[in-house]
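Notes follow once the structure below has been shown.
Count residues from 1 along the sequence. Owing to the predicted nature of the structure, the values given are computational and were not obtained by experimental measurement.
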Amino acid sequence: DIVKLITTSSRIIVLSGAGISVSCGIPDFRSHDGMYAKIAQQFPELPDPHAIFDIEYFRDDPHPFFKCAKELFPGQYTPSLSHRFVASLEKRGKLLRNYTQNIDTLEVAAGIQRAVFCHGSFDTATCISCDHCVKGDVLKDDIMNERIPVCPECSEVLKPDIVFFGEGLPESFHQRLQSDKLEADLLIVMGSSLKVRPVSLIPSVLRHDVPQVLINREHLSHMTFDVELLGYSDAIVSELCHCLGPDWVSDAAVPPNEQRAVVSRSASGVYLFPGAIIDHRELAVEADEDGPSAKKAKLDNDK
């Protein structure tokens, strides 16, 4: 089970997405009331809500991005229980790497040292014309007041060093993954829909014998995991900490007297927690045809 996997593993990769920051007050991107839905309402002229993070569109019109950027700017939020759980893994020497798709830098606030910011961050910004680089704090006043920051050298737009569609990922991502994919002994995906490449490919590049666990509100029909814990990330992590022991509860600062989550089993290897969004028919079909048990059978055959 997942508790035994965490207890016995020492080189865990955590792949985290926007779902672990929602409880901090930061909107996710793809839910019905997430950031893309709000962008579609606020900017009906956009060809697609994703265009706000498209580098070519940004070069043509940076206004929509800087109208929304203040919701994502670091320093306004406190790490969630899920962030603190990852920090607890690191404290115990169990975390090989935290590959985060988030740009809120809450990993830093949680004290996580072994984090790779796959999609960059607001820590620095670069001019789209002359490549002059500045610290992210230089942009804060402009971003919080929905103004477009300009380069002190050439007066062109300063773009935060977050990765837009059409841009490559930081070299640190590729370098770390080359070695980490051979060392990992457990993968935990937390709060991600795994829709954006190349980060979404991480589960497929690990060794076939590495167990893979999903902690997410929804089942991912395009992926196969050995265990799926579906529901609010913090509710799942809280229950995991209680099962792992009082030291984990203390280290992750699980709220005292918090009511334990009611857990139910939906299909083979799938467990439902508060907040789960589930299509029981879909899970039933996959459990019979190509679910977690089928993956394990394939792994056995590969051996």
Side-chain angles (χ1 to χ4, degrees), residues 1-26 28 74-118 121 123 176 180 183-192 202 210-217 225-263 271-276:
D1 64 11
I2 178 62
V3 173
K4 183 177 180 181
L5 286 173
I6 293 173
T7 301
T8 58
S9 299
S10 59
R11 299 182 303 279
I12 301 172
I13 287 180
V14 175
L15 196 171
S16 53
I20 73 167
S21 295
V22 171
S23 64
C24 307
I26 304 173
D28 66 5
Q76 308 175 76
Y77 307 100
T78 302
S80 68
L81 175 55
S82 298
H83 291 102
R84 299 194 299 271
F85 172 71
V86 178
S88 294
L89 290 174
E90 183 175 62
K91 176 182 177 181
R92 288 168 168 77
K94 292 181 172 293
L95 183 69
L96 175 60
R97 204 77 57 206
N98 178 193
Y99 288 90
T100 177
Q101 297 172 284
N102 299 333
I103 57 176
D104 51 43
T105 64
L106 285 174
E107 293 77 15
V108 175
I112 300 168
Q113 301 292 316
R114 302 179 70 83
V116 172
F117 295 92
C118 306
S121 73
D123 277 352
R176 290 294 190 185
D180 289 350
E183 296 182 37
D185 57 8
L186 175 63
L187 171 68
I188 302 176
V189 175
M190 301 177 69
S192 175
I202 288 178
V210 176
Q212 301 191 8
V213 175
L214 175 68
I215 296 176
N216 199 47
R217 289 196 68 188
F225 292 89
D226 296 288
V227 180
E228 298 186 21
L229 309 179
L230 304 184
Y232 294 123
S233 180
D234 285 355
I236 295 168
V237 165
S238 175
E239 184 62 22
L240 284 176
C241 288
H242 280 293
C243 293
L244 285 163
D247 288 346
W248 288 80
V249 172
S250 175
D251 286 347
V254 175
N257 304 318
E258 182 179 61
Q259 185 175 354
R260 298 282 292 273
V262 177
V263 185
Y271 298 88
L272 306 183
F273 290 74

If only atom types and distance count, is the side chain of R217 paired as donor or acceptor with the main-chain N or O of A276 below 3.5 Å? no

Is the shortest side-chain heavy-atom distance between M190 and S82 below 4.5 Å? yes

Under the side-chain contact (heavy atoms from CB on, under 4.5 Å) test against F85, which residue among C241, P79, S233 passes? C241

With Y99 via ring pair (Phe, Tyr, Trp, His ring centres under 6.0 Å) - residues at least two apart: F173

Are D1 and V227 side-chain neighbours, meaning at least one heavy-atom pair lies under 4.5 Å? no

Give a yes or no answer on whether the side chain of S88 reaches the backbone of R84 with a donor-acceptor pair at less than 3.5 Å. yes

Could you walk me through whether N98 and S16 satisfy the side chain to side chain contact (heavy atoms under 4.5 Å, CB included) test, starting with their C-alpha distance in whole Å, then the side-chain angles of each, then the deciding distance to 0.1 Å, before giving a yes or no? CA-CA 7 Å; N98 178 193; S16 53; 3.1 Å; yes

Could you give the distance from CD1 (I26) to CG (D104), rounded to the nearest 0.5 Å? 4.0 Å

Under 3.5 Å, is there a donor-acceptor pair between the side chain of D226 and the main chain of Q212? yes

Once rounded to the nearest 0.5 Å, what's the spacing between atom CG of D180 and atom CD1 of I202? 9.0 Å

Could you go through V116 and T100, starting from their C-alpha distance and side-chain angles, then the distance that decides it, and tell me whether this counts as side chain to side chain contact (heavy atoms under 4.5 Å, CB included)? CA-CA 6 Å; V116 172; T100 177; over 6 Å; no

State, with a plain yes or no, whether a side-chain heavy atom of L186 is found less than 4.5 Å away from one of V213. yes

Just wondering, do V86 and E107 contact through their side chains at under 4.5 Å, heavy atoms? no

Determine whether S21 and L106 make a side-chain contact, defined as any pair of heavy atoms from C-beta on separated by less than 4.5 Å. yes

Can you measure from CZ (F225) to CG (L187) and round to the nearest 0.5 angstrom? 6.5 Å

Quick note, salt bridge (charged side-chain N to carboxylate O under 4.0 Å, His left out) partners involving residues 248-257, not counting sequence neighbours, are K91-D251, R92-D251

Does K94 reach the main-chain N or O of R11 with its side chain, forming a donor-acceptor pair under 3.5 Å? no

Exercise: identify the closest heavy-atom pair between I13 and L96: CG1-CD2, 4.0 Å

So do the side chains of I20 and Y232 get within less than 4.5 Å of each other, counting heavy atoms only? no

Apply the test side chain to side chain contact (heavy atoms under 4.5 Å, CB included) to residues L214 and L229: give CA-CA distance (whole Å), side-chain angles for both, the deciding distance (0.1 Å), then the verdict. CA-CA 6 Å; L214 175 68; L229 309 179; over 6 Å; no

Scan side-chain atoms only and decide if T105 and D123 contain a donor-acceptor pair under the 3.5 Å cut-off. no

Backbone N or O of A18 within a donor-acceptor pair of the N102 side chain at under 3.5 Å? yes

Shortest non-hydrogen pair, D185 vs I12, comes out as OD1-N, 3.7 Å

Main-chain N/O of S192 paired to N216 side chain as donor or acceptor, under 3.5 Å: yes

Write down the atom of A110, the atom of H83, and the distance for their closest heavy-atom approach. CB-CB, 4.0 Å

Does E90 use its side chain to pair, donor to acceptor, with the backbone of Q113 at less than 3.5 Å? yes

For the backbone of D234 and the side chain of S238, can you confirm whether one donor and one acceptor N or O come within less than 3.5 Å of each other? no

Determine, step by step, whether F273 and V237 satisfy the side chain to side chain contact (heavy atoms under 4.5 Å, CB included) criterion, reporting the C-alpha distance in whole Å, the side-chain angles of both residues, the deciding distance to 0.1 Å, and the verdict. CA-CA 10 Å; F273 290 74; V237 165; over 6 Å; no

Is I188 close to I215 at the side-chain level, that is, under 4.5 Å between some pair of heavy atoms? yes

With side chains defined as the heavy atoms from C-beta onward, is the minimum distance between V108 and F117 less than 4.5 Å? yes

